[in-house]
There are 2 protein chains.
Amino acid sequence: MTGYGQFCAIARAHEVLGGRWTLLIVRELLMGSRRFNDIRRGIPRISRTVLSERLQDLVHVGAVTRLEGAHGPEYDLTPAGHELFEIIAALGKWGQRWLSRLAAQEDIDLDPLIHDMARRVEMKRLPTEPMVIRFALDRQPLRFLLLKSGEVSACGENPGFPEALAVRGKLSGLAAWWRGDCDFAAAKRAGLRLEGTKAAIRAFPTWFQLYLLAGIKPAPSR
Amino acid sequence: MTGYGQFCAIARAHEVLGGRWTLLIVRELLMGSRRFNDIRRGIPRISRTVLSERLQDLVHVGAVTRLEGAHGPEYDLTPAGHELFEIIAALGKWGQRWLSRLAAQEDIDLDPLIHDMARRVEMKRLPTEPMVIRFALDRQPLRFLLLKSGEVSACGENPGFPEALAVRGKLSGLAAWWRGDCDFAAAKRAGLRLEGTKAAIRAFPTWFQLYLLAGIKPAPSR
DNA sequence: CAGGATCCGATTAGATACTG
DNA sequence: CAGTATCTAATCGGATCCTG
């Protein structure tokens with residue numbers, strides 16, 4: 001069957017937005033991604049085929065525009081698309097409040113996390129010298145985060161700057177800290193490790209604004 | 001693949017709530033349905049198998065409880081489930097504002113509409129005498145709405161009261177009026193017909209509070 | 001009424017290869 | 001880089017039959 005057969009706006013909205021991946025793509029656009037492969041970096045498990053389909057669907061329902069930019073296609077939200085923020089925010093708030101946060105969230109990828117961290121670097125707090133942070137976590141692919149004034153980017157090999165810090169150990173610890181579940185000391189106790197100069201180790205947690213929803217804390221016990 | 005592999009609460013919430021039908025079931029529970037087949041009346045296209053699965057999933061994530069009532073199982077929302085209202089409301093608001101309302105919404109079922117109308121009868125405005133309204137629309141199954149003081153119910157045959165009114169013609173017109181897209185006169189011009197005494201025909205639109213989201217109007221042009 | 005169990009067809013998604 | 005085309009594998013959903 002294809003539709004819900006309902007007059008109700010909730011059902012009709014869910015028909016066009018409820019598909020797998022769709023709202024995650026909108027989330028990426030809300031966070032500022034514009035290019036096809038930029039969106040993919042935030043959602044690495046989506047296939048190109050499906051991303052392409054979903055973007056076309058979103059254009060079709062009027063939430064997204066596709067424009068030929070100077071360096072290739074660019075996607076952007078329409079006014080209707082921007083209003084999807086309310087839905088995304090409500091989903092995120094509910095998730096932060098009610099989904100078990102300490103549960104063994106082992107099946108996550110590093111790339112979306114790095115992608116988010118790169119977007120939320122506090123430039124002003126960075127040392128003036130350019131540097132690179134190495135992420136060598138669990139079974140994740142090796143990643144490097146380049147931090148220099150006015151430029152932050154993630155890549156698979158050191159782009160040629162001094163390695164100020166290495167992040168090792170358990171990805172789940174890094175994610176728990178980033179999500180606002182625990183402070184950095186607890187993340188270390190959960191198996192995250194930093195290696196580098198004492199100064200860099202101490203400063204690292206201050207270089208970022210945490211995850212956008214980190215301030216939303218779990219609902220009281222149960 | 002099963003999960004999105006993301007740390008993000010939006011993605012994690014979507015993993016447990018984003019399945020087909022799931023949020024519609026929550027909508028029904030928010031509207032007051034408690035019994036298995038009561039939920040089905042509001043969502044006739046769901047199969048019993050899937051409804052059963054989805055309810056179990058919702059119990060598993062902690063949004064719903066299942067209790068053995070005197071007359072069989074009853075489902076209810078937990079505190080976490082009640083907070084899903086924010087997501088549902090955001091979805092509904094977006095749908096009312098941005099989804100084309102006049103588009104040929106021909107593929108809808110009468111039953112969910114009657115189900116909703118039955119919930120939103122304005123008792124005080126009803127005549128004192130019990131009565132029945134016949135719904136004979138398009139290719140929809142014949143339905144009867146029994147209105148008597150303190151009791152409203154929909155059924156497939158006249159339960160034995162005078163038929164004050166018959167509603168005929170196009171279901172899409174009735175739905176458009178109910179959703180708040182047009183007034184009743186416009187619904188008639190779109191192919192809806194009422195048959196009965198002049199007084200009943202005039203009074204009919206006043207017997208109901210319209211659809212919960214009827215007050216949310218479309219976003220300005222485009 | 002409220003499901004569980006099974007089977008089978010429809011849909012969807014991922015992998016792969018190819019294009020401008 | 002940004003896709004499209006095609007094939008196949010996995011998943012999902014509906015119909016049917018059965019139970020307490």
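Just so it is clear: chains get the letters A, B, ... in the order the sequence lines come, proteins before strands, and each one is counted from 1. Basis for what follows: all heavy atoms, side chains included, without hydrogens, waters or symmetry-related copies.
Of all nucleotides listed (D:dT4, D:dG13, C:dG4), D:dT4 comes nearest to the side chain of A:S52. The side chain of B:R54 has D:dG13 as its nearest neighbour among D:dG13, C:dG3, D:dG3.
Put simply, CD1 on B:I10 and CD on A:E28 are 9.0 Å apart, with the number rounded to the nearest 0.5 Å. The CD atom of B:E129 sits 10.5 Å away from atom CZ of B:F161, with the distance rounded to the nearest 0.5 Å.
Between the CD1 atom of B:I43 and the P atom of D:dG13 there is a distance of 13 Å, given to the nearest Å. Atom CZ in B:R45 sits roughly 10 Å away from atom P in D:dG14 (whole-Å rounding). A:E53 has its CD atom 15 Å from the P atom of C:dA15, to the nearest Å. Atom-to-atom, CD1 of B:I46 to C1' of D:dG13 comes out at 10 Å; the value is rounded to the nearest Å. In this structure, the CZ atom of A:R66 is 8 Å from the C1' atom of D:dG3, given to the nearest Å. Atom pair B:R20:CZ and D:dT11:P shows a separation of 19 Å (rounding to whole Å applied). Atom CG in B:L67 sits roughly 21 Å away from atom P in C:dC1 (whole-Å rounding). The CG-C1' distance, from B:L51 to C:dG3, rounds to 10 Å in whole Å.
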B:E83/A:W98 under side chain to side chain donor-acceptor pair (under 3.5 Å): CA gap, chis, key distance, verdict: CA-CA 9 Å; B:E83 286 191 19; A:W98 294 104; 2.8 Å; yes
B:Q6 and A:R27: CA distance, side-chain angles, deciding distance, side chain to side chain donor-acceptor pair (under 3.5 Å) verdict: CA-CA 12 Å; B:Q6 305 233 342; A:R27 179 200 66 186; 2.8 Å; yes
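By the 30° and 60° cut-offs, the orientation of the rings of B:Y4 relative to B:H14 is tilted.
Within a 6.0 Å sphere centred on CD of B:E157, heavy atoms belonging to other residues, nucleotides or ligands number 12 at most.
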Check nucleotides 15-17 of chain D for protein N or O atoms closer than 3.5 Å to its own N or O atoms and list the pairs.
{"from": "D:dA15", "atom 1": "N6", "to": "B:T49", "atom 2": "OG1", "distance (Å)": "3.4"}

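Of the charged side-chain nitrogens involved, none lies within less than 4.0 Å of a carboxylate oxygen, so that A:R34 and A:E74 do not count as a salt-bridged pair. For B:D111 and B:R143, the salt-bridge test passes: some basic side-chain N is under 4.0 Å from an acidic carboxylate O. Under the 4.0 Å criterion applied to side-chain N and carboxylate O atoms, B:D116 and B:R179 are not assigned as salt-bridge partners.
Scanning residues 31-39 of chain A for heavy-atom distances under 4.0 Å to DNA chain C yields an empty list.
When heavy atoms are screened at a 4.0 angstrom cut-off, B:R40 is found touching no nucleic acid atom at all.
Side-chain N/O atoms of B:Y75 include one lying less than 4.0 angstrom from OP1 or OP2 on C:dG3. For the pair B:Q56 and C:dG4, the criterion of a side-chain N or O lying under 4.0 Å from OP1 or OP2 is met.
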